[in-house]
Each structure stands twice: as C-alpha cells, then as structure tokens.
Amino acid sequence: MTGLKCRLCGKLYGKDEALNFCTDDFGPLEVAYDYDAVARVFSRQTVAARPRTMWRYRELLPVDGEPTVGVHVGCTPLIRADRLAKALGVAELYLKNDAVNHPSLSFKDRVVAVALSKAVEMGFQTVGCASTGNLAGSVAANAAAAGLDAYVLIPEGLEQGKVLGATIYGAKVVAVRGNYDHVNRLCSQIAFRYGWGFVNVNLRPFYAEGSKSMGYEIAEDLGWRAPDHVVAPMAGGSLIGKLHKAFHELDRLGMLEAPVRTRMFGAQAAGCNPISNTVKTGARKVKPVRDPDTIAKSLAIGDPADGWFASQLIQETGGWSEDVSDDAIIDGMRLLAETEGIWAETAGGVTLAVAKKLIEEGRIDRDGSTVLCITGNGLKTQEALLERIPQPVVIKPSLEEFEALVEQGDEVFDHARLATA
Ligand SMILES: *Cc1c(COP(=O)(O)O)cnc(C)c1O
Ligand SMILES: [Zn+2]
C-alpha cells in the first residue's frame with residue numbers, strides 16, 4: 001500500500017489518514033498499491049504456503065504489519081452446485097458461501113478484519129459503524145475479541161438475530177428512529193465529532209478493500225481463473241466493485257491462467273433498487289430510494305455510497321442488474337436450501353432470485369461458469385420465513401399416528417404451511 005487516492009481527481013493522501021473523501025472535490029478515496037513491489041514478493045506459491053484465511057493475500061490488503069483483528073476470517077467454501085445448476089438450467093454453477101464466515105456468519109467479517117486491524121495500527125481505542133445488520137454483528141464480535149470499545153448504530157426495527165448478534169458481544173448498540181441513510185449521516189457526524197474509528201465512515205477506504213479477499217479466494221479455488229459471470233448482492237455497491245478489482249489485480253500480477261473477462265451482475269430487492277434501477281434505465285445518476293421497503297433489510301440502503309461506480313462497472317463489463325419481489329426472495333431462499341442444503345439470509349434469496357431472472361432473460365448465458373455470492377446466514381433473518389414455510393405436523397408419540405400421517409401423502413406437510421399462512 002502506498003497511500004490513498006481520490007477516485008475523481010487522483011490526488012494522493014497518506015496511508016494512515018482516517019478520511020474517506022477528497023478534501024478538494026469530495027470524491028471517494030481508494031487505497032493505492034505499488035503492484036511492481038507486490039509482484040516481487042507475492043505469487044501463487046506464497047499464497048499456497050500460508051494458512052487458509054483471507055490474510056494469505058495480505059500484500060494486497062492495506063495493513064503494514066501482521067493483522068491483529070479477524071485473523072481467522074475468510075477462505076469460506078466455494079461449492080460446485082450441480083443440483084441448483086440443474087434447477088436453473090446452467091452448466092457450471094458455484095456458490096461462494098460466506099454464510100459460514102468466521103466469526104459472525106456474513107461476508108462483513110472480511111471488511112471488518114481489515115478496518116479494525118488498521119484501526120489498531122492507527123491507535124484507535126473506540127470504533128463503530130452504521131449498519132443494516134450484519135456489519136453491526138461483525139464489528140461487535142471482532143471489537144470484543146480485540147479489546148476495543150464499539151458503538152454500533154442501526155435503524156430501528158431490524159431482525160432479532162441481527163440485534164442480539166450485536167448486543168451479545170457487549171457493544172453499545174443504538175437503534176435510530178429512521179432508515180439506514182439517517183443512521184449513516186449521523187455516524188459521519190459522530191466519527192468526526194469524537195475522533196472515533198467508524199469502519200464504514202472515516203475508515204471506509206480500508207474497510208472496502210477487505211471485500212477483495214472474496215474475489216481472490218474465488219479465483220484461487222477455480223484453479224486461478226476468474227469466472228465468466230458473478231452475481232453479487234448490492235447494498236452500498238462496494239462488494240461488487242471489489243470482486244472485479246480482485247480478479248484484475250491477480251491478472252496484473254500474472255497469477256491467472258487466462259485473462260479476465262468476467263461480466264458482473266448486481267442483485268437488489270425491488271423494494272430498494274437504486275443501483276439496479278440506474279442500470280436498467282441508463283440514468284445519468286443514481287436516484288435515491290426514499291423509503292426502502294423489503295424483507296432484505298441488509299441490502300436496504302436507499303442512497304448507496306458506491307452506487308454510481310457499481311452501475312458503471314456493471315455496464316462496462318457487459319453485465320446487468322435486476323431486482324426481485326419479497327415473494328421471489330423467499331422462493332430463492334427455499335430453492336437454495338432445498339437444492340444445496342444452504343440456509344442463507346434474505347440477501348441470499350435476492351442473489352438467487354436475480355440469478356434465475358437473468359438466466360431466464362438470457363443475460364447470463366447457460367454455458368459459461370457462474371459464481372453466486374452468498375453473503376449472510378439464514379439464522380439471522382428468521383422473521384422473514386416464519387409465516388411463509390411449513391410448520392411441523394404434530395402427532396402423539398404413537399406409531400399408528402405416524403403411519404396414518406405417512407398414508408396421507410406428502411401434501412399434509414404443505415397443508416401445515418397453508419393453515420398458518
Ligand atoms: C453488506 C452486505 C452486502 C453488500 O454490501 P455492499 O458492499 O455495501 O454492497 C451484501 N450482502 C449482505 C448480507 C450484506 O450484509
Ligand atoms: Zn479529488
């Protein structure tokens with residue numbers, strides 16, 4: 001890492017600045033690297049010799065010394081999903097399963113590991129975040145393990161699993177009466193007022209780089225190849241861009257078998273689709289969604305910080321973006337669970353339902369390789385399913401009752417759902 005660089009005007013900043021925007025034009029800052037220097041010390045062999053965590057790619061992440069926070073994060077399974085591929089009618093399908101990321105069961109542990117390792121390097125004792133749910137849990141868990149004080153701000157009305165999954169770690173959790181955009185604005189004020197390290201505010205350039213590790217791992221597990229298509233869920237629009245950046249960095253370092261020609265596809269919920277709407281209408285800027293309304297609360301960012309860059313990237317790579325209804329999200333969650341045995345949160349349902357739509361529309365071609373990014377765990381969004389999937393059929397502890405049940409046929413299990421729906 002050589003420093004921070006403005007994405008609009010290219011102005012350079014130091015590498016230990018707690019700043020997320022250019023002081024000249026308010027452009028977002030991004031970490032810059034000396035790739036020739038990286039190439040001299042980093043190769044496939046370096047990676048292979050290291051433990052299976054995201055830190056096997058540490059030369060491409062913005063920490064100077066050894067990471068101190070989230071040292072076990074990453075290297076989640078990349079699963080060849082043949083049963084799901086058959087259901088969707090594609091030849092070669094993979095799931096990158098960050099629903100089982102350590103320690104807080106979402107891809108956010110990647111971004112938090114980098115941001116908090118950097119926060120420790122920079123001497124912050126108090127950290128925080130503005131969260132739609134998963135970031136709250138990840139900051140709380142990783143800060144606890146690192147002995148840092150954490151303030152976590154969330155919109156009021158999040159799922160219990162997300163709220164408990166932050167408070168259990170002893171973080172100071174504040175629910176704000178408003179939506180995520182209100183929370184985010186407040187956090188900008190707090191971070192600068194108190195001089196704390198907010199991972200997705202003043203530490204955002206470092207935070208965002210953590211998402212690249214997901215891309216490195218995908219390419220490594222595909223035998224050092226970038227896939228033909230990637231479908232990624234979008235909230236602030238950061239992850240999708242970093243996946244693409246990761247493939248191109250490996251290419252630039254000569255670590256891939258073939259040049260990158262990955263087309264990037266973005267997934268959103270119909271109830272909060274500012275980025276997908278920009279792509280589909282060809283608009284010249286992102287029109288914020290004022291009142292997000294979807295069960296995919298983790299993706300409910302009405303005014304996405306990286307929305308414009310994401311929409312441009314999607315178009316430049318020849319990809320596309322779609323958004324899906326809450327019912328389609330539930331169907332996506334069930335299809336993933338029933339075909340591959342993976343219980344993802346609502347965002348996973350968004351990714352799957354969007355992938356299905358894109359395949360049916362012919363946007364994703366059926367012969368290429370496709371990776372779906374599963375970014376969070378179903379245990380944390382149980383409310384979304386409660387009224388919508390079958391309840392258990394209740395019987396007495398008697399073999400006759402069980403036999404009678406089996407004789408009624410499989411539909412009886414579906415009726416259990418209809419009775420409560
Ligand atoms: C935060 C989050 C995302 C997307 O993150 P961005 O980088 O903000 O687009 C996707 N899935 C889940 C489950 C998340 O929590
Ligand atoms: Zn600038």
Side-chain angles (χ1 to χ4, degrees), residues 4-13 19-30 96-101 104-112 115 129-139 154 158-159 161-162 165-166 180-181 184 199-200 204-205 207-212 214-215 231-245 264 266-269 272 274-276 286 294-311 313-314 321 329 333 344-352 354 372-381 384:
L4 298 175
K5 191 175 175 186
C6 172
R7 286 185 80 174
L8 295 183
C9 71
K11 182 173 172 183
L12 292 170
Y13 293 80
L19 191 66
N20 56 324
F21 57 86
C22 177
T23 48
D24 287 356
D25 56 14
F26 298 104
L29 300 185
E30 189 173 41
K96 178 61 171 167
N97 189 12
D98 268 21
V100 292
N101 206 2
S104 75
L105 305 178
S106 87
F107 107 92
K108 291 295 197 302
D109 289 323
R110 300 176 181 278
V111 288
V112 169
C129 66
S131 174
T132 57
N134 284 310
L135 188 58
S138 185
V139 165
I154 53 175
L158 280 191
E159 303 95 339
K162 300 270 169 79
Y180 175 82
D181 295 305
N184 188 46
V199 300
N200 58 338
R204 188 174 178 88
Y207 156 100
E209 287 290 286
S211 292
K212 292 191 308 182
M214 198 170 182
V231 185
M234 302 186 294
S238 175
L239 169 64
I240 191 167
K242 296 296 178 175
L243 290 165
H244 187 254
K245 182 177 178 189
M264 303 301 296
Q268 293 205 295
C272 184
I275 310 176
S276 114
V286 177
T294 168
I295 57 170
K297 292 175 191 273
S298 57
L299 304 181
I301 297 185
D303 190 5
D306 295 294
W308 176 248
F309 291 105
S311 70
L313 172 79
I314 287 166
S321 185
I329 294 170
M333 291 168 78
E345 71 149 81
T346 45
V350 170
T351 302
L352 202 94
V354 163
L372 309 185
C373 295
I374 304 302
T375 47
N377 195 296
L379 282 166
K380 291 199 257 179
T381 59

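The shown structure was predicted, so the numbers you read here are calculated from the model rather than taken from an experiment. As the structure lists them, so they are numbered: ligands from 1, and atoms in each ligand from 1. Just the heavy atoms: all of them, side chains too, but no hydrogens, waters or symmetry mates, feed the values below.
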Determine, using heavy atoms of Ser106 and all atoms of ligand 1, whether some pair is separated by less than 4.0 Å.
->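 Per 4.0 Å heavy-atom rule, Ser106 does not contact ligand 1.
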Give the C-alpha distance, both sets of side-chain angles, the deciding distance and a yes or no for side-chain contact (heavy atoms from CB on, under 4.5 Å) between Thr375 and Lys96.
-> CA-CA 8 Å; Thr375 47; Lys96 178 61 171 167; over 6 Å; no
Side chain to side chain, [X] and [Y], heavy atoms closer than 4.5 Å:
X      : Y      : answer
Val111 : Lys242 : no
Thr346 : Lys297 : no
Cys373 : Leu243 : yes
Pro304 : Met234 : no
Val112 : Leu135 : yes
Gln268 : Thr294 : no

Considering only heavy atoms, does Leu299 approach ligand 1 within less than 4.0 Å through its side chain, its backbone, both, or neither?
->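 The answer is the side chain of Leu299.
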Using a heavy-atom cut-off of under 4.0 Å, does the side chain or the backbone of Glu345 touch ligand 1, or both, or neither?
->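 Just the side chain.
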Within the stated cut-off of 2.8 Å, is an N/O/S atom of Asp24 closer than that to the Zn ion (ligand 2)?
->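 So Asp24 does not bind the Zn ion (ligand 2) by this criterion.
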For ligand 1, which atoms, with element, lie under 4.0 Å from some heavy atom of [X]?
X      : result
Ser298 : 13 (C), 15 (O)
Met234 : 9 (O)
Gly237 : 6 (P), 8 (O), 9 (O)
Ser238 : 6 (P), 7 (O), 9 (O)
Leu239 : 6 (P), 7 (O), 9 (O)

Proximity winner for atom 4 (C) of ligand 1, if only heavy atoms of Ala235, Ser138, Gly133, Cys373 are counted =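 Ranked by closest heavy atom to atom 4 (C) of ligand 1, first place is Ala235.
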Specify the protein heavy atom at minimum distance from [atom]: its residue, its atom name, and the distance to 0.1 Å.
atom                    : value
atom 12 (C) of ligand 1 : Thr375 OG1, 3.3 Å
atom 2 (C) of ligand 1  : Lys108 NZ, 2.4 Å
atom 8 (O) of ligand 1  : Gly236 N, 2.8 Å

Any N/O of Asn134 closer than 3.5 Å to an N/O of ligand 1?
->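 N/O-N/O distance under 3.5 Å: yes.
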side-chain contact (heavy atoms from CB on, under 4.5 Å) between Thr381 and Ile295, intermediate numbers included | CA-CA 9 Å; Thr381 59; Ile295 57 170; over 6 Å; no
May I ask you to decide if Ser131's main-chain N or O and Asn200's side chain share a donor-acceptor pair within less than 3.5 Å?
->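 Such a contact is absent between Asn200 side chain and Ser131 backbone.
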Working to the nearest 0.5 Å, report the span between CG of Leu299 and OH of Tyr180.
->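 Between atom CG of Leu299 and atom OH of Tyr180 there are 12.0 Å.
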How wide is the angle at the Zn ion (ligand 2) between SG in Cys9 and SG in Cys6, to the nearest 10°?
->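 The angle at the Zn ion (ligand 2) comes to 110°, rounded to the nearest 10°.
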